[in-house]
2 protein chains.
Amino acid sequence: MGLSYAEENYLKAILKLSGSPDGTVSTNAIAAQLDTSAASVTDMLKKLSDKELITYQRYKGASLTDDGQRIATTLVRKHRLWEVFLVQSLGMTWDEVHEIAEELEHIQSDRLIDRLDHFLGHPKFDPHGDPIPNAQGKYTLRAQIPLSELKPGQEGIVIGVREDETSFLKHLNEKGLTLGKSIKVITNDDYDNTLSLQVEGHELNLSGKVARNIMIKTT
Amino acid sequence: MGLSYAEENYLKAILKLSGSPDGTVSTNAIAAQLDTSAASVTDMLKKLSDKELITYQRYKGASLTDDGQRIATTLVRKHRLWEVFLVQSLGMTWDEVHEIAEELEHIQSDRLIDRLDHFLGHPKFDPHGDPIPNAQGKYTLRAQIPLSELKPGQEGIVIGVREDETSFLKHLNEKGLTLGKSIKVITNDDYDNTLSLQVEGHELNLSGKVARNIMIKTT
DNA sequence: AGCTCAATTTAGAGTAATCTAAAAAATATT
DNA sequence: AATATTTTTTAGATTACTCTAAATTGAGCT
Ligand SMILES: [Mn+2]
Ligand SMILES: [Mn+2]
Ligand SMILES: [Mn+2]
Ligand SMILES: [Mn+2]
């Protein structure tokens, strides 16, 4: 029997937040990620723990079990494959696909996803530059560095973003800072990483907050 | 604010069942269609009535309002477009797409559906031969007659099925009776419409129950 | 070691969707 | 017209998910 959308969203949130060593995630971090109350999170952590998808001890945080990790990774795979479909096949823009994929990722059918993956040509990255896990849960890592950490004079290519909210991506569209663009840093403020850079002949100013969410492959 | 999946499924069921003159549908008919209890149906009819998506009087059945009709028709459009996608683009078979489309139809995004429609080339019929409403809710009707009503000697082409359950469609696959096939009736039992017919050189026997769910365009 | 405060959990409650069993209304039969 | 049967509704519960407010726990600081 499958999981509910809510259970799946929690697993995905825990995976996203568990970058740390042992991968333990706090109740409040999950609540913030899912924009829900800490009390709701506690309830759900008990349920997921009963189903052995996470390990959880009161007051000690949660981490994914192997089963939980596998399920969460599959959700990420589905989310990102659908995003590729929406952009590549349907011609939607990178700023409008995340919310839709947030629903599509819950469609239940392994066969569907394998077919979709095949149809799309086994893409390795989604429209935001995030890696797509394969059917075995493995994915490609790339050397990348936040734009905010580049020194004046350094050059590179935009290969990803760390944030997929519509407002952020629309902002980048307006600045012309989309995937694949070549950039060169002119100045980078020591204090708050306010940047000026060169993109396709134009000069551009960016806040440190924005620059920290743009990932660069240096050239 | 959007409707829940349950509310949408009820609207779709009412549309499907309201072929009659005024289009009034009984509580039990809906319960049977959705495989749920009559008590649950009554609860939901009250809710949909409050939202003015149906007209409903106790003990008198329900019918769609214009708003309800519009929403239900859009759901049918989405369901059938997704079925076309699954078969045409992903190469799935007509017997495995209905259940998946039952979920996909609830994805919320008008823009997505318009893009999908465009991507698929504005198809007029789904993989079961059912017409696909356009964005305005209009669809093409075709002259068709149940195979069970053909007389011995009559010929035609399979242009649709009235039932999209997997088991039924798999049965047709085994018999080689798929969309587009040419058939010729040899015998048709007066009492129960047990048929024998000619398909691609082979002779085939069908129960009346099956024959009543296969739609033919006579030639 | 004890105190303080933030993080977390528990308590209690609400909404949505569903069920079974009992009551009421409508329809069919005699 | 009265009675029997079927259909539909109501009553009362259950499960899943969520919330706010109150209680508890644990970690950091004197
Ligand atoms: Mn996304
Ligand atoms: Mn989601
Ligand atoms: Mn279908
Ligand atoms: Mn559905």
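Convention: sequence-line order gives letters A, B, ...; per-chain numbering from 1. We use all heavy atoms of the structure for the numbers below, so side chains are in, but hydrogens, waters and symmetry mates are not. Everything quoted here is computed from the prediction, not taken from an experiment.
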Side chains of B:N134 and B:H122, donor plus acceptor under 3.5 Å: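 Distance-only check fails for B:N134 and B:H122.
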Under a 3.5 Å cutoff, is there a donor and acceptor pairing between the side chains of B:D67 and B:T65? no
Touch class at under 4.0 angstrom, heavy-atom based, for [X] against every strand present:
{"X": "B:S37", "result": "base"}
{"X": "A:Y5", "result": "nothing"}
{"X": "A:S40", "result": "base"}

Below the 4.0 Å mark, does [N] have OP1 or OP2 next to a side-chain nitrogen or oxygen of [X]?
{"X": "B:S4", "N": "C:dA16", "value": "no"}
{"X": "A:N28", "N": "C:dA6", "value": "no"}
{"X": "B:K46", "N": "D:dT10", "value": "yes"}
{"X": "A:S26", "N": "C:dA7", "value": "no"}
{"X": "B:Y10", "N": "C:dT18", "value": "yes"}

I want to confirm an ordering. Mapping B:L45 and A:K60 to their closest nucleotides on DNA chain D, which one lands closer to the 5' end?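 Upstream on the strand: B:L45.
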Want to settle it: does A:T36 or B:Y59 sit nearer the 5' end of DNA chain D, counting the closest nucleotide to each?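 By nearest-heavy-atom nucleotide position, the 5'-most residue is B:Y59.
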Gap between atoms [atom1] and [atom2], on [X] and [N] respectively (whole Å):
{"X": "B:D50", "N": "C:dT15", "atom1": "CG", "atom2": "C1'", "result": "14 Å"}
{"X": "B:L34", "N": "C:dC19", "atom1": "CG", "atom2": "P", "result": "10 Å"}
{"X": "B:R58", "N": "C:dA24", "atom1": "CZ", "atom2": "C1'", "result": "9 Å"}

Examine distances only and state if a side-chain atom of A:E149 and a backbone atom of A:P146 form a donor-acceptor pair shorter than 3.5 Å.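 Here the side-chain-to-backbone pair does not exist.
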A:D192 with A:R212: basic N within carboxylate O range, under 4.0 Å: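 No.
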I want to verify a distance call: between D:dT8, C:dA7, C:dT9, whose nearest atom is closest to the A:T42 side chain? C:dT9
